[in-house]
Amino acid sequence: MPGPDTPTPAQSPPGGTPGGPGAPRGRDIYPFDEIEPRSRKRWADLELFRQDLEDNSKKFYVLNMFPYPSGDLHAGHGRNYIMGDVVARLHMMRGHQVLAPMGFDAFGLPAENAAIQNQTPPAEWTERNIARMRAQFDDWGVGFDWDRALASCRPDYYRWTQWLFLKLYEKGLAYRGSAPVNWCPNDKTVLANEQVLDGACERCGTPVILRELEQWFFKITEYAQQLLDDLALLEGWPEKVRTMQHNWIGRSEGAEVHWQVEDPPHAGPHELVTFTTRIDTIYGATFVVLPPAHPALATLVTDPALREQIDTLARAQAKHQAEHSFAEPVKEGLFTGRYLLHPLTGARVPLWVANYVVMGYGTGVVQCVPAHDTRDYEFAVKYGLAIPQVIAAPAMRETWDPSRGDKLNDGEGWEQVAGAKIYVGDGVLVESDKYTGMPSVEARAQITAELESKIAGRFRVQFRLRDWLVSRQRYWGAPIPVVYCNKDGVVPVPEDQLPVLLPTDIEFRPAGDSPLTTSPTFLETTCPRCGGPARRETDTLDTFVDSSWYFLRFLSAHDSTQAFDSEAADRWLPVDQYIGGVEHAILHLLYARFITKVLFDLGLVHFREPFRHLFTQGMITKGGIKMSKSKGNTIAPDYLIKRYGADTCRVYTLFIGPPEKDAEWSDAGVEGAFRFLNRYYRIVEPRLSLLPASLAPMPALGDRALALHRATHHALSRATIDFAEFKFNTGIASMMELINAISLDAQDEPDSFVPGSDRAWAMGEALRLLTIMLAPVAPHVCEEIWQRSGLSSGAGGTVFRMG
RNA sequence: GCCGGGAUGGCGAAACUGGCAGACGCAGCGGACUUAAAAUCCGCUGGCCGAAAGGCCGUGCAGGUUCGAGCCCUGCUCCCGGCACCA
């Protein structure tokens with residue numbers, strides 16, 4: 001039993017300063033370099049993170065978004081994984097069956113670029129990085145069930161990604177279509193709209209150009225309504241992410257309107273269909289516009305000179321959209337020479353081509369009401385088109401409301417445009433035949449009904465969401481399992497012939513077509529249907545397809561007979577806690593939700609949403625910008641761990657600020673965390689025997705002992721609540737408060753801590769409970785204390801399974 | 001432009017959602033220990049006035065509600081994120 005309190009010098013380990021040459025100089029610091037390997041070995045021996053999936057009665061599936069194996073983890077990554085590890089360990093301590101797997105999102109461009117640069121096969125480069133990153137996770141003390149590790153680039157994984165493609169194809173959810181696509185001239189690849197940031201390639205920053213290609217799409221739009229509706233089920237998601245998805249899906253209600261073409265061309269369309277959310281303004285529609293690239297123009301416009309002008313406009317619009325410059329382009333248009341007939345008034349309405357209409361939303365044809373739409377107004381003014389008012393704004397509020405200051409609230413629904421003020425809000429209809437005097441809301445319903453009865457229109461729901469373009473003209477991805485046969489056309493590769501393996505006889509060049517087209521062994525094949533000669537699809541799948549289902553594969557990581565076991569999936573999913581960066585708030589999460597719903601409809605899973613709770617952590621910045629390899633502002637964990645130990649890195653990373661907010665890295669802050677752990681160790685280490693002693697029944701407590709007892713339980717309850725709510729920063733703060741209280745108490749004279757005394761009991765309790773609450777954050781040192789104090793005799797022999 | 005979030009000491013931030021503003025940490029200052037320094041331990045640390053006791057002011061700005069407002073309401077300013085000619 002250690003002497004109660006002779007001022008004990010901090011324990012310097014025998015044999016010199018820990019931490020090696022980089023360690024802080026001349027300090028008495030706790031021997032983390034001896035403790036940490038010891039604790040890690042213990043957990044490895046105990047297989048602390050192994051999960052055999054047998055008992056799901058108290059299952060807890062915690063998942064970190066799997067990383068791209070770029071080569072090195074840095075301190076910025078740590079936030080995600082350390083948080084996940086804390087959550088996993090917390091639930092273990094509560095007696096839950098924790099499933100904490102990890103994998104690698106291993107297809108993608110960097111491996112291919114590295115291959116071009118170093119002439120190393122992408123697989124080799126990738127596997128090397130995976131090995132290195134796995135070791136780094138270990139160094140952080142971040143535990144996973146590595147037995148279930150997967151990498152999306154391995155055939156035993158992408159075989160099932162290909163299987164997933166076939167399932168979608170069978171259901172008619174994967175289709176081939178021609179589309180103008182974003183083309184990055186640098187990476188020589190097609191980019192999804194989502195991968196274009198401000199007109200430039202997300203990855204390399206090169207301005208993208210448009211190109212027409214045959215592409216594979218997933219019909220996510222078929223699930224738009226479900227994806228929107230089920231956001232309501234996601235109570236465990238940040239409001240911000242739900243809002244972003246809501247806006248991305250972008251539902252609006254309106255009407256489509258059929259306009260007869262006056263004197264239609266023989267081969268051309270006899271009517272054009274517009275979509276509008278403001279059918280109440282239809283009496284003010286004085287022209288209709290088409291984008292210059294609209295296919296109907298081919299037959300509607302026959303004059304070669306005009307056609308040429310339209311094509312020029314189309315090219316300019318395409319260029320502008322591709323470059324996506326911030327300035328809105330000047331509105332430009334051309335009269336097609338044709339007229340449409342207004343479905344309600346029969347009036348002749350001119351048909352124009354305009355560069356402010358986008359293909360791909362609604363019908364691509366827009367009826368224009370210049371009096372009540374800023375864009376139409378601008379266009380009408382420029383080209384001298386009529387601007388009749390058909391909506392009367394509600395009377396301005398003229399009451400002088402003192403609580404609103406001295407301003408009149410007259411701005412609602414009014415917009416400033418081209419030097420004029422126009423009303424774009426709802427109001428009362430004027431100059432609208434029998435609807436005159438009717439409020440907008442009612443008029444919308446009635447006019448839609450009339451159009452429906454005349455078969456000249458109908459109610460329509462429109463989404464902003466577009467189908468998911470999954471083709472990539474790259475090598476390092478899952479080959480799309482399809483062949484093209486001269487006789488049978490598009491033929492899916494039968495399931496029992498999967499995987500379609502990536503060939504290795506590939507030449508990696510910085511430019512040119514998809515590398516797969518350069519491999520004759522790959523390209524030439526036989527048709528699975530007729531046995532005749534056929535050609536393989538050379539496109540590979542978007543890596544977002546790989547990551548749209550990986551959370552299922554962890555359950556069946558070694559199963560070579562199926563993608564995942566449905567029964568196990570139903571028992572262990574949804575993921576209870578998903579953790580990752582907010583940059584995936586839209587795409588990855590939307591795609592994973594979509595695929596889950598498809599699998600639900602296929603009867604392969606019986607839950608509708610894959611992730612019950614989601615936490616999106618802020619990034620760690622250095623010098624105000626995101627820590628990243630390319631910016632050269634990373635903090636290497638290896639260095640920090642060597643100097644301060646993994647526990648200090650963990651405490652600091654969690655204490656740095658509210659986890660959902662960005663935080664600036666500070667070396668001084670790391671020192672603070674280190675000081676805290678040193679303090680803990682310095683106080684607890686000489687008093688180890690007090691910890692088990694405090695398991696004895698509570699004696700009558702004097703004032704001092706009672707105060708410490710209360711402080712202990714105050715801290716425990718705060719830390720428990722805060723950790724459950726992901727408020728790790730304040731949870732750690734409460735532990736720091738407790739160590740301050742303990743420290744003051746511990747300075748008292750030796751007599752105060754005679755064994756069996758109330759002070760000794762309270763001190764033992766404080767140190768024991770602090771060790772428990774600190775354990776998920778600083779697991780190594782707490783495990784050490786737990787072992788050395790003899791508390792480990794319980795069920796699991798570790799602080800994380802206290803029995 | 002539309003949608004969402006935010007603004008609190010020298011700095012990162014707390015404030016259990018209407019009840020002592022600034023917990024905890026960093027930085028700084030003072031003291032103990034030391035030949036000295038480092039480390040450690042103790043104390044101080046929003047601003048102004050005051051020797052002190054104490055007083056006054058203070059949560060982006062202007063108002064309001066309330067016994068009481070960082071928190072609720074109205075109107076602004078600025079910052080961050082998402083979407084963006086979506087009809």
Side-chain angles (χ1 to χ4, degrees), chain A residues 7-10 12 24-29 198 238-248 250-252 254 274-279 281 285 288-289 291 317 320-321 324 326 328-331 354-369 372-376 378-379 401-407 409 415-417 424 462-466 582-583 585-586 618 651-652 655-658 660-673 675-676 678-679 682 714 717-718 721-722 725 727 729-740 743-744 746-747:
Chain A
T8 316
S12 249
R25 320 153 307 276
R27 292 186 188 171
D28 296 320
I29 60 181
D198 299 329
E239 195 59 48
K240 174 193 165 108
V241 174
R242 290 203 281 174
T243 303
M244 280 164 71
Q245 293 220 348
H246 187 274
N247 294 340
W248 187 261
R251 182 185 198 271
S252 43
T274 58
F275 172 75
T276 179
T277 54
R278 290 299 304 274
I279 194 67
T281 64
V288 170
V289 294
Q317 188 187 15
H320 186 273
Q321 276 175 2
H324 206 292
F326 285 103
E328 271 189 14
V330 178
K331 291 188 172 41
N355 66 344
Y356 70 96
V357 181
V358 297
M359 291 283 299
Y361 181 79
T363 60
V365 189
V366 178
Q367 61 191 59
C368 300
V369 184
H372 303 292
D373 182 281
T374 54
R375 299 153 302 183
D376 300 343
E378 234 181 293
F379 192 80
D401 185 345
S403 72
R404 290 165 174 266
D406 56 2
K407 279 190 173 177
N409 180 21
E415 291 285 345
Q416 195 80 34
V417 60
V424 301
Q462 180 63 44
F463 294 95
R464 207 196 70 104
L465 183 69
R466 313 287 164 89
V582 74
E583 66 272 19
I586 297 176
V651 169
Y652 173 64
F655 187 64
I656 193 167
E660 70 280 3
K661 279 179 64 178
D662 291 351
E664 172 72 12
W665 183 269
S666 139
D667 291 334
V670 181
E671 290 277 348
R675 218 170 289 168
F676 166 61
N678 271 297
R679 220 162 163 217
R682 194 175 294 123
H714 177 74
S717 103
R718 263 194 64 187
I721 292 167
D722 287 352
E725 295 175 355
K727 293 178 184 168
N729 54 330
T730 51
I732 291 171
S734 72
M735 296 181 210
M736 288 172 166
E737 280 178 66
L738 179 57
I739 201 89
N740 288 343
S743 169
L744 284 177
Q747 285 168 48

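Chain A is the first sequence line, chain B the second, and so forth, proteins listed ahead of strands; every chain is numbered from 1.
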Between [N] ([atom2]) and [X] ([atom1]): distance, integer Å:
{"X": "Arg682(A)", "N": "rC42(B)", "atom1": "CZ", "atom2": "C1'", "answer": "14 Å"}
{"X": "Glu737(A)", "N": "rG22(B)", "atom1": "CD", "atom2": "P", "answer": "13 Å"}
{"X": "Ile732(A)", "N": "rG12(B)", "atom1": "CD1", "atom2": "P", "answer": "19 Å"}
{"X": "Glu671(A)", "N": "rG28(B)", "atom1": "CD", "atom2": "C1'", "answer": "16 Å"}
{"X": "Tyr361(A)", "N": "rA84(B)", "atom1": "OH", "atom2": "C1'", "answer": "12 Å"}
{"X": "Glu664(A)", "N": "rA13(B)", "atom1": "CD", "atom2": "P", "answer": "10 Å"}
{"X": "Gln747(A)", "N": "rC33(B)", "atom1": "CD", "atom2": "P", "answer": "15 Å"}

So which protein N/O to nucleotides 2-10 of chain B N/O distances come out below 3.5 Å?
unit_1	atom_1	unit_2	atom_2	d
rC3(B)	O2'	Asn247(A)	ND2	3.3

Any strand counts, and the cut-off is 3.5 Å on both contacts for Watson-Crick or G-U wobble. Which nucleotide pairs with [N]?
{"N": "rA7(B)", "value": "rU77(B)"}
{"N": "rC71(B)", "value": "none"}
{"N": "rA15(B)", "value": "none"}
{"N": "rG43(B)", "value": "rC29(B)"}
{"N": "rU65(B)", "value": "none"}

Could you please name the option among rC24(B), rG82(B), rA27(B) that lies closest to any side-chain atom of Ala733(A)?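 Per side-chain heavy atoms of Ala733(A), the pick is rC24(B).
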With rounding to the closest Å, how many angstrom separate the [atom1] atoms on [N] and [M]?
{"N": "rG70(B)", "M": "rA13(B)", "atom1": "C1'", "value": "14 Å"}
{"N": "rA21(B)", "M": "rA14(B)", "atom1": "C1'", "value": "10 Å"}
{"N": "rC3(B)", "M": "rA15(B)", "atom1": "P", "value": "29 Å"}
{"N": "rG82(B)", "M": "rC29(B)", "atom1": "P", "value": "41 Å"}
{"N": "rG50(B)", "M": "rC33(B)", "atom1": "C1'", "value": "35 Å"}
{"N": "rG19(B)", "M": "rG68(B)", "atom1": "C1'", "value": "7 Å"}
{"N": "rC72(B)", "M": "rC79(B)", "atom1": "P", "value": "23 Å"}
{"N": "rC24(B)", "M": "rG46(B)", "atom1": "P", "value": "12 Å"}

Contacts of Asn355(A) that satisfy side-chain hydrogen bond (donor to acceptor under 3.5 Å, both in side chains) - sequence neighbours left out: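 Partners of Asn355(A) under the side-chain hydrogen bond (donor to acceptor under 3.5 Å, both in side chains) test: none.
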Go through the structure and list residues passing side-chain hydrogen bond (donor to acceptor under 3.5 Å, both in side chains) with Thr730(A), not counting sequence neighbours.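 Residues passing side-chain hydrogen bond (donor to acceptor under 3.5 Å, both in side chains) with Thr730(A): Asp722(A).
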Under-4.0 Å side-chain N/O to phosphate OP1/OP2 contact, Arg675(A) with rC41(B):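 Answer no for this pair, as no side-chain N or O of Arg675(A) is under 4.0 Å from OP1 or OP2.
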Just do the side chain to side chain donor-acceptor pair (under 3.5 Å) check on Asn247(A) and Arg464(A) with the steps written out, would you? CA-CA 8 Å; Asn247(A) 294 340; Arg464(A) 207 196 70 104; over 6 Å; no
Is [X] touching bases, backbone alone, or none of the nucleic acid, heavy atoms closer than 4.0 Å?
{"X": "Gly362(A)", "answer": "nothing"}
{"X": "Ser734(A)", "answer": "nothing"}
{"X": "Ser666(A)", "answer": "nothing"}
{"X": "Val357(A)", "answer": "base"}
{"X": "Ile656(A)", "answer": "sugar-phosphate"}
{"X": "Leu744(A)", "answer": "sugar-phosphate"}

Restricting to side chain to side chain contact (heavy atoms under 4.5 Å, CB included), what partner residues turn up for Val417(A), sequence neighbours left out?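 Checked Val417(A) against side chain to side chain contact (heavy atoms under 4.5 Å, CB included); matches are Thr374(A), Tyr377(A), Glu378(A), Ile422(A).
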Partner set under side chain to side chain contact (heavy atoms under 4.5 Å, CB included) for Glu660(A), not counting sequence neighbours: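 Counting only residues at least two positions away or on another chain, Glu660(A) forms a side chain to side chain contact (heavy atoms under 4.5 Å, CB included) with Phe615(A), Pro658(A).
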N/O-N/O pairs, protein side and nucleotides 14-18 of chain B side, under 3.5 Å:
unit_1	atom_1	unit_2	atom_2	d
rA14(B)	OP1	Asn729(A)	ND2	3.4

Anti or syn - rG22(B), cut at 90° from 0: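 Anti conformation for rG22(B).
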For rU34(B), does the O4'-C1'-N9-C4 (purine) or O4'-C1'-N1-C2 (pyrimidine) torsion place it in syn, i.e. within 90° of 0, or in anti?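 Here rU34(B) takes the anti form, which means its glycosidic angle is more than 90° from 0.
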Within 45 degrees of the axis of the six-membered ring of Tyr356(A) and under 6.0 Å from its centre: does Lys331(A) put its NZ or CZ there?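 Geometry flag: set, cation within 6.0 Å and 45°.
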pair Lys240(A)-Thr243(A): side-chain heavy atoms closer than 4.5 Å: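 Sidechains of Thr243(A) and Lys240(A): no contact.
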Heavy atoms, side chains only, cut-off 4.5 Å: are Val288(A) and Val365(A) in contact?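 Touching, per the 4.5 Å side-chain cut-off.
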How are the rings of Trp665(A) and Tyr652(A) set relative to one another: parallel (under 30°), tilted (30 to 60°) or perpendicular (over 60°)?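 Ring orientation, 0 to 90° scale: perpendicular.
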Approximate separation, where rounding is to 0.5 Å, of Tyr361(A) OH and Phe463(A) CZ: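 CZ of Phe463(A) is found 10.0 Å from OH of Tyr361(A).
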What is the distance from atom CD of Gln367(A) to atom CZ of Arg278(A), rounded to the nearest 0.5 Å?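 That separation rounds to 11.5 Å.
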